Structures are given as structure tokens and as C-alpha cells.
Amino acid sequence: MTTTTNKTWKDVLGDRISPQMAEEIDTFENQMVLRCQNKLDEKVFAELRLRRGAYGQRYDNGYRNDGEKSKAIPFPKVELTKGPDTKWQAPGMQRIKIPYGGMTAEQMDTIADICEEYSDNIIHITTRQDIQLHFLSLDNIPDMHRRLAAVGITVREACGNSVRNVTACPLAGVCHDEVFDVTGHAQELTDFFLGHRDIQDFGRKMKIAFSGCEDHPCGLTSMHDLGFIAKTKIIDGVEVKGFKTYVGGGLGSVPFLAKLYEEFVPLEEIFPLSQAIFRVFARLGEKQNRNKARIKFLIQKLGLEEFRRLVIEERKIIEPDPGWTTWIEKLSSYEEKGKSSPVAPDVIVDDSEMFAKWKTTNLYPQRQDGYYTVAVSLPLGDATSPQFRGLAELVRKYTNDTIRTTVEQNVLVRWVHEADLPALYMDLKEISLHHGGAHSIIDITACPGTDTCKLGMGSSRGLAGELSRRMAVKGWQYNQAVKDIRIKISGCFNSCSQHMVAEIGFYGSSRQVKRRRVPHFNLVLGGEWANNASTYGKSMGVLPSKRIPDVVEFLVDTFMQERQGDEKFPAFFNRIGRVEMKERLKPFTDVPSYEEDPSFYSDWADTREFTLGDIGIGECAGEVVTLTDFSMADAESLHFDATVLLDEPENGNVQLAADKAIAAMVSAAKALLKFQNIDIADDKEVIAEEFRKYFYDTKLFFDPFAKGKFAQYLFTALETEHEPINLERSQQLIEESRLFIEAAHECNARMMDSGITSPVSFKQWMVKQNLQLN
Amino acid sequence: MLLLGLFSRGDRLLSLPEVFLGQTSIVNIERFCVKFPAEVPDGFDEAALIGIFQGWIRDEKIAGTLIDVIDYRHVPDGPGIMLVTYEINYMMEHQDFYGLYAQRRWGEVENQPHPEAIVDLVKSAAAFGTILQKDTGITLKGNEFLYISNDRLNAPNTDAAFSEIKPDLETALSHIYGDAKCSIERVENNPKARLTLRVKADSPVAIADVCAVA
């Protein structure tokens, strides 16, 4: 017979959690109770939980398509919600902030424990050095937060409109090229602004990155809202440390390269400067339309000079804070060292051939003689709890607690003695984490996609798994010519895998083929990871999901055959040219009929048909669909022309590209309008007016998540088309046009699903919706 | 009746609450797991489980609030293919040995005695395994499984917790395996890992028979 206990984590860990963190968690727990009693609005609660990194997950609206039809998931308390359209009992995700990717072995043990107990035994490293756990119950979240807090991890502001995880080069402190170690700067900036009053009123999130040098990609400052690159400067004969500072970069649906804000900002000025930037952003940034609310849009609207002037003015009036400089003296505490001598120098590996290969891809010789940084390759960023715990043990055994996550979804064990490498390899083998090919072509980065993300359109992880398996067999990870090609796959256009800075990038999409949905991926080629991700890739259009492995093989084979000298993939792609490459890829665009090969109508690692079920056939549907398809094809073609024009942005091409981008949107809008009126005029003003009336005001065009965002791209483009154009605006129009076309495809598919396939059925739909516009 | 021998009174089978009436146990061990060893037929492609599990969700072939199928084949020693339900995560897991791992996520019945909860989870796993055998040819050993405490607060990996849990497990086993002789041993593992108990009945039991526990 057993005894009864009533322990709680709150009791057990009470004295190990800082009073402030404990109070925050208690408050959140109380908010959960209030929400359950319906005393707290669901929208407010959603923001509160998001600010603690507790996200929703796919199907949390309580519905799931089983391949034939959408069915309700009968959660026991279906009426209880944790946000609009978000069932309380639906599994959710927790994001755990890991500033600069640095963890201790103790923290790793705790993460392994909570993952095992509350999640599905899989720890996922994200592309911003965070950790995510999936399939969690909200009811377990407070205890999880307590256990994390007890080892010094806060989840505060892991999501929401706040300063997100501050990332940094994972080689900081051991890198040969860095100007200085940025580790402490990233952590101290995190600490200073955590919960700071000046970051509580953002319209959107703020992502910050630190890089130790300008030439290498680890920090990826070009794609961050605020980026710091380590610099030194001689002032009055003394070498002073500081940062080259960039603002307004970002990927997302419309990628922007960051702009140089200031060539050199001394250390004591980076906190007040950041604070001034945050205050200007909080005050003037967009608050209503979240699609235009990132700081990149504010800077674009104001112009960099005016933005800079406002920040300088703001800086003058901020009340001085001792915290602006007191952190500087703490920087020395971040210095790391290795163990003084090897711990297991006599171990002999049992597979010397694989060990030799592993050494070619997974090691980085540190600038400190005799020490190595070892990359542990985590497939798709995943590790099990026992593996993570095992890694923590190795970190203790071989290092002084020095491990970092990377934005490429791996971990780096730093400060390993060269003589310990065989022993470490064998220990990694014990936990099946000894695989070579880290950061190589087979080490594919993928966001969660349709596995768990509510926005995912494509199975990014399913595709990544398939590609990785196929390429590993070919041994490309050890092929000098191609091993450095990076493949990154996002489930949608939101760039969570950072596909825009990959040599070969993909993001999920879909197309309607003879009344069935076919999963597709957009191909993006030629992005540059180097130079802090300074060049974004170029869109090459969509390809059926099931052809992507063949496409990748074709691209890599072609590169190997036609490469000139030491040419890198982006240079090769630019030399071949986008038009030629598109032509060569044409054979891969074909989708066989469903009868011929139904596998094309399912996504990777998911056998369900990529469809929303039976689609009714309306009057004159065939003809209308054909006309719509023609217009959509025109739109695709115009968009592609626009992108090609910007390959050589001289001789008026910038203006021409912008015109084509707008024309592409108009053509896509016209394609949809043909459902309402086959004889719709060609005049773009008429099209815009009619589109607004029938697709925007009726919300028919609205994306379930982005709402009317993409339609606004068309309206704004037409309203501002006579304004002077520059390269950046032209690039933006092209990206917006791409998104508008994608949204039009989706809208087309939704209409087909709803039986809106002709002017008659369109009218019937309007009547049903009580929309009497005529 | 091998399975039900101890749990009849006269001609009447006792209900589970009756069986467990009057017994107390460690409260709040809501989260625990069981894992049954499995063997795959020659040439079996694990990827086939994705479609099979999707079909189970569509056709509601197993009990529970069925949610989704996740492919973790890329993770060495990982959960393989996982079927997520609101109540239990079912994984064809590779850690240590290949087997059906059923992770009870929380207690559906308030204050349910732990032995009864163990029986419920074993039954659910066995029901899953029975269909799995039929649909895939994967065979499961019905007479042995791991019990894994998934709650370091109430059942840490200690001798004391082992001593407390063992009687609960014995009670549950007597219901599951009837008068068959069973052994329970504590698995020697990393002290930071979870308390794990290996259960073995002395004679073969078909997984379908385990499933038939009343």
C-alpha cells in the first residue's frame, strides 16, 4: 500500500526561483484561472500567454481535415478557449528563450526533464537559437515555467510584441575572425531590456542579433530589426570597442535588408541607443495593421535620415540609467576556458573511416591552440530528452559547461581538447549523435511547417527529412564542391527557416489542378548566407512538392557539371541567369493527373489528400476556370518578368519592374473577378474598384490569418504608383506581388471548395452572405 | 481465465472500481508511460505507419480524442511515427528497443487510483497494439512491458519511489495477468532518467488478451 503526497513544484522549488520570476508565474497561473472562469477576455489572455512563449498549435481551433473532410476534434471541454478560436485543451507549443544560444548542463537537464514529462520527448532547436517543445497542455505550463525558472531560464517575452531572443554568433569567443567576443553583450542587453517599460508598447516584435565580425554569417545581422557587428576604433590614440549598427532588416513575408544606422557606436552607447530606437518604434510604429508594424516599415515610411533624427532627439531626452554602463564591467565574467588537460586522451574510435569523415564536417579549430568546437548535428533541429541529457553529461565531462545552440538548428560543444575528440566521438555515438555533415547540404533547416504550425501550408519537415535521407546516401555532405550548399525549407512565406538566405530555399504553397489541391513549394535560389546574410535569394516560381527531391538533385548535379573553378552556388546561379534556369526547371513543373499518380496530391510524410474534400461543379465552371487560369498564368508571368528586370537594375529597369509587379497583381485580381463577371474590363482602376467591392469588402479574399493584408498590397500599389520609385520600393512591390498572387491562388481554391465557380454561384454566395452589393 | 481469475466474486466479475476499492496510492502520478516490445516483419517500411495511423484517425479505429500523426523517423533512437491523441501519445519508439510506447498525458478521471490508471493505460496500449498487429504485421509481446514514471515530483527515480509504486503495479498486474506469475524489477538507468520498472509475466500472453482486460 502506498502513501499519499501532495507536493507541488511551487513548494519544492520555491526558494530556487527569484521572487520576481515566481510572482510572474503565479500571476500567469491566476490569469489561467480567471480565463477558465470567463473573467478574463480570451484575446487578452492570448496575448498574456504569448508573452510567456506559450503558443497555439495546428488544429487548436478544434477542427482537422482527415483527407476526406474537415472534422471536429471532440475535446472534452470544447467551450473553453485560450484565445479566439483556440481550444484550451488543444495541444500547444512552448518557446524557451536561450539568449545567444548559451546553456548550462544543468539547464539542459531541466529542459530534457520537462520535455519528457510534458511534451512528446522531442526538443527542437529553432532558427533563432530558441528551444521549442510541442504537444503541451496549457495546464502544465506554470509548473514547466517554474522548473525552468529554477535553473535561471525565463520564458518572458519569448513571443508577443516585444524584444525576442537576442541571438549571437555561436562561435563568439573562440572564433578566429571576430573583433571581440559578443557573448556578454547579447546576454546583458537581454537582461537590461527584459520587461523594460520602453518595450511594452510595440506594434510588433523586435529581433536583435550580435555578430563578432562583418565577413562571416554567424550573426546574420542583415536580416534583423537591430543588428550589432563588433568593431574597434582608435579614439584619441586609444582602441575603443563598439558596434557597427544596422536597423530595419527582416525576413518575414516581405524581406528587407537592414540599413546601416551608424558606423561605430561605442559600448556605453549601445543600450541608450537601443532604448531610443525602441521608444521611437513604440511611439510611431504601426499599431493597427500588424502586417506593416515591423520597424522596417516605419523606417521605410520615414526614411532612414528622418528615423535617425528622431532617434537622436529621443536619445537626448531619455532619463539616464546607470544600467547603460554598469554591465560593461561584467563582460569579463563571460570569458570561457577549456579544461586544463584532456580527460580521455587514450580512447580509440571503433570506426576510423567515419570518424575521419566526421572530422571534416563537424569540427572548428578554435583560435585557442589545441581546442576544438564540435558541431553536433541534430536532424531537423530535433533531439530526444535522453539524447539532450546525454549531451549535458558530455558537456560536463569534456568542457567547463560551454555549449551553444545555432540558428542552423544544431548545437556546438566548445572548448574540447583535440586529444579528447576520439573519446567525445565515441560518447556521441553512444547517444546516436555522432553523424557527420553538420552545416552541410544534408543538414537541412526546416521550420515546423504543417507538422505543428497553424500557418504552415507545406510539409517543410517532411520534405526536409526526405531530402536529407536521399542526399546522405549520395555522400554529398563530404563532397567539397557541394557540401557547403545550404537548403532551407519553410512551410509558408513567413521565412521561419530563413529560406531567403539559403543557396537553395523553399517555402510551401499549393495549386489547384483540375479541382484538386496539389502541394507545391516555391523555389528561391541564390541567397547568400555569407557576409551576415547580405543577399536574399530570388524567387523561381512553384514546383510540385513531390518533384522537389528531383529538382534538388538536378540543381546540384548541374552545379557540379557546370561549375567554373571555385565558383559558389549563388555565383553559378547568377551566371546561368534566372531566365535560363527557369527554362531548365520547366520539366519539373508538370503535375500528372490524379488517376495517373495520386501521390502528387499528398504532401511529404502525410498520406492525406491535400484537399478540402469534394468540390461541387458549378455552371459554366469549366469555361470560367479556364479564363481564370489564363489570367493567373499572366500574373505569374508578369511577376517573373519583374524579377528578371531587377537582375539588372539599370536603364529604367527599376521602374519597369515595379510596373510589371503591379500589373501582375492586377492580373491576379482580374483572374478572380472572372468568377463574378466574365467580361470584366481590362482597366486597372475598374479592376481595383470591383476587386475591393467583391473580394475585399466581402472578405472573400481574406486569408484566415493575414486577413486583408495581401489585398492592401494591391490598393496601396495603385494609389502610390505615380510616386517616384527606387530599387528598394521596386523589390518590395515584387515581393508583395508574389504574395498577392499566392493569396489569389488560395482564394481561388477556397472559392472552388465552396462551389463559387461562376457568376451565378458567386451571386448565390452573395445572397447567402446577405451581401447585396448590386 | 488467465486474466480475470482474481477478480470474480461468485459468477460476477468485479468492476475495476470495486477491485481497487479501499486501496490508496501515491496521488498525482498522472503522467506515466508503458512500453511493449515490438518486432517488425521483414522488409517493413516504417513510413507505412503514417498512412495507417492517418486511416485510424479518419475511421476512428481507436478510442480517444484523435488529433494527428507526426513523422519523427529522422530522429535516431526517437519516437518514430507518433499518433497524438488528447489523452495519450502513441509512439513506435526506438529508444533502447523498438516498441509501442504509450504516454499518458494526464488523468482523465479525477482521483483515479494509480493501479486503476495503470490498467487503463495498459488496456489502451494493448488495444492500439492489437489493431497494429492486424494492420501491419508488427508483433507485440503481451507478457512484458516497461512502466515508466513520468513525474519526477511524485515518483522520482529513487528507491523510495520504487517501493511506493511497486505495490500499485502489483495490484494492476494481478488484474492484467490474473494468477500468472509476474516479476517486477527496477531498471538500472541514469539517476536523472525516469524511474522505470520492467514487468514480465512468466508465460506468453497475446496483446489482444491484454486488451480484453475488463
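Small disclaimer: the values here were computed from a predicted structure and weren't measured. In what follows, chains are A, B, ... by sequence order, proteins preceding strands, each numbered from 1.
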Side chain, backbone, both or neither: which part of [X] has a heavy atom under 4.5 Å from chain A?
X        : result
B:Asp77  : both
B:Glu170 : neither
B:Phe32  : neither
B:Ile70  : side chain
B:Glu87  : neither
B:Ile148 : neither

Given the options [options], which has more heavy-atom pairs under 4.5 Å with chain B than any of the others?
options                                : value
A:Ala383, A:Gly465, A:Pro74, A:Gly462  : A:Pro74
A:Ile73, A:Asp120, A:Asp109            : A:Asp120
A:Thr384, A:Asn140, A:Ile431           : A:Thr384
A:Arg147, A:Arg469, A:Glu116           : A:Glu116
A:Asp382, A:Leu380, A:Thr452, A:Asp113 : A:Asp113

With only heavy atoms counted, which part of [X] is less than 4.5 Å from chain B, the side chain, the backbone, both or neither?
X        : value
A:Thr110 : neither
A:Ile444 : neither
A:Leu378 : neither
A:Phe135 : both
A:His134 : neither

Review point. Has the side chain of B:Arg31 got a donor or acceptor atom that lies under 3.5 Å from a matching backbone atom of A:Tyr118?
Key: no
Exercise for review: Please answer whether the main-chain N or O of A:Asp606 pairs with a side-chain N or O of B:Asp71 as donor and acceptor at a distance below 3.5 Å.
Suggested key: no
Point to revise | Distance in Å, B:Gln54 CD paired with A:Glu609 CD, rounded so as to fall on 0.5 Å steps | key: 12.5 Å
Check your understanding: So, A:Asn121 versus B:Tyr101: side-chain donor-acceptor pair below 3.5 Å or not?
Key -> no
Point to revise | Results of side-chain contact (heavy atoms from CB on, under 4.5 Å) for B:Ala102 - residues two or more places apart only | key: B:Val34, B:Ile88, B:Tyr90, B:Leu121, B:Ala125
Check your understanding: If you look at every heavy atom in B:Ile57 and A:Lys71, which pair is closest and at what distance?
Key -> O-NZ, 4.0 Å
